**Q** 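One structure, pasted below without further comment.
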Protein chains: 2
Amino acid sequence: MTQDPSPARVRLRLVFSPDFALGPGKADLLEGIAETGSIAAAGRRMGMSYKRAWSLVESLNAAFAAPLVARSRGGARGGGAALTEMGERVLAHYRSAQLKAATVAKEDVESLSRLVRIAPQDDQAD
Amino acid sequence: MTQDPSPARVRLRLVFSPDFALGPGKADLLEGIAETGSIAAAGRRMGMSYKRAWSLVESLNAAFAAPLVARSRGGARGGGAALTEMGERVLAHYRSAQLKAATVAKEDVESLSRLVRIAPQDDQAD
DNA sequence: AGGCGATATGTTCCGTCAGACATATCGACT
DNA sequence: AGTCGATATGTCTGACGGAACATATCGCCT
């Protein structure tokens, strides 16, 4: 049985205001920071300039009631960054919403994938 | 009791390939064409230039196994456009996925909305 | 035959955004 | 004190995308 070649990626974007939205990019960055302990490393890992990663963190920290990322400068290993409790909660909620959405949308997405001209593919970008 | 001020809009974007994705923009355009019977009118209605609306239709028609929009030129009222059966199906599946996704994500989205700094709003843009 | 209104298509221009560079700053550790 | 590695910030420039403008084309109707 030829498994379905993973239909289409479902991207979820939560638009809170004209100025701020939370989508896959910021979510992945948060996850990267949690795992690497560094904004720069997280950015590099997803092929993003430090400046861009930093500005995303800025907007995230500004958008919520409390910062999502705690940053520290200097020190033995130069410094670093980590998710705050708020950061963990926000990321968890986003992932939860994303997972649920992808699950319930699966049927429709598969139907659509069967209607597209060329076979859908999947890379690990964005 | 103060009703929740509509948390955040949930935007669903289905990425079929690096070159083609189906999101709210194209879906709304399809809907507009179905209702107005014209690419130009649908475009105007959503504040989009005719050129842009036309190019979106082009990409939609190219991406699927059959055209989603049937176009006619000339004639009594100049011409027009309408959804094909394929167009109806694609739009229906997208709306279905969108609705289901928004429904199951509701809880998480509301939780997130409670964590944002300023009250989320909702305009009818994009 | 001429008009009308919509589709079809090209060109030009400009604002925005992202990437590339360049520094500055911080603080534990050697 | 000096090093190191990460955060913090500014400037500049090139690419991309969209808006504006300009036509061309089509075919029913008067």
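Chain identifiers are assigned alphabetically (A, B, ...) following the order of the sequence lines, protein sequences preceding nucleic acid strands; residue numbering begins at 1 within each chain. On a predicted model such as this, the values are computed, not experimentally measured, just so you know.
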**Q** Which residues in residues 68-83 of chain A have at least one heavy atom lying under 4.0 Å from any atom of DNA chain D?
**A**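 Correct list: Arg71(A), Ser72(A), Arg73(A), Gly74(A), Arg77(A), Gly78(A), Gly79(A), Gly80(A).
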
**Q** Nearest nucleotide by nearest heavy atom, which residue falls closer to the 5' end of DNA chain C, Arg52(A) or Val57(B)?
**A**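 Here Val57(B) is the residue nearer the 5' end.
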
**Q** Taking atom CD as the centre, does Glu88(A) end up with more than 12 heavy-atom neighbours from other residues, nucleotides or ligands that are less than 6.0 angstrom away?
**A**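 More than 12 within 6.0 Å, yes.
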
**Q** Near DNA chain C, which residues from residues 30-44 of chain B have a heavy atom under 4.0 Å away?
**A**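 Of all residues in residues 30-44 of chain B, the ones placing a heavy atom under 4.0 Å from DNA chain C are Ser38(B), Ile39(B), Ala40(B).
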
**Q** Any sub-3.5 Å donor-acceptor pair from Arg44(A)'s side-chain atoms to Ser49(A)'s backbone N or O?
**A**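 Flag not set: sc Arg44(A) to bb Ser49(A) has no pair under 3.5 Å.
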
**Q** Does CZ in Arg71(B) sit with more than 12 non-hydrogen atoms of other residues, nucleotides or ligands closer than 6.0 Å?
**A**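 Above 12, so yes.
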
**Q** For the hydrophobic clusters of this structure (ILVMFWY residues joined by side-chain heavy atoms under 4.5 Å, transitively), does one cluster hold both Phe64(A) and Leu14(A)?
**A**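 The answer is yes; both residues are in one hydrophobic cluster.
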
**Q** Determine yes or no for a side-chain-to-main-chain donor-acceptor pair under 3.5 angstrom, with Ser38(A) supplying the side chain and Gly80(A) the backbone.
**A**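 No.
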
**Q** Compare every heavy atom of Phe16(B) with every heavy atom of Ala8(A), then report the nearest pair and how far apart it is.
**A**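 Nearest pair, atom of Ala8(A) first, then Phe16(B): CB-CD2, 3.6 Å.
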
**Q** To the nearest angstrom, how far is Glu58(A) atom CD from dG10(D) atom P?
**A**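 My rounded result for the distance is 10 Å.
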
**Q** Taking the side chain as every heavy atom from C-beta outward, state whether Ser59(A) and Lys26(A) have any atom pair closer than 4.5 Å.
**A**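 Yes - at least one pair of side-chain heavy atoms lies under 4.5 Å apart.
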
**Q** Quick check on the hydrophobic clustering: are Met86(A) and Leu29(A) connected, directly or via other members, by side-chain heavy-atom contacts under 4.5 Å?
**A**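 Result: yes, single cluster for both.
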
**Q** First and last nucleotide of DNA chain C touching chain A, 5' to 3', heavy-atom cut-off 4.0 Å?
**A**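 First-to-last contact on DNA chain C, by the 4.0 Å heavy-atom rule, is dA18(C) to dC29(C).
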
**Q** Looking at side-chain heavy atoms only, is the closest gap between Tyr94(B) and Leu12(B) below 4.5 Å?
**A**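 Result yes, sub-4.5 Å side-chain heavy-atom pair found.
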
**Q** If you apply the rule salt bridge (Lys or Arg N to Asp or Glu O under 4.0 Å), what do you find for Asp28(B) with Arg95(B), and how did you get there?
**A** CA-CA 10 Å; Asp28(B) 288 351; Arg95(B) 289 300 184 210; 2.8 Å; yes

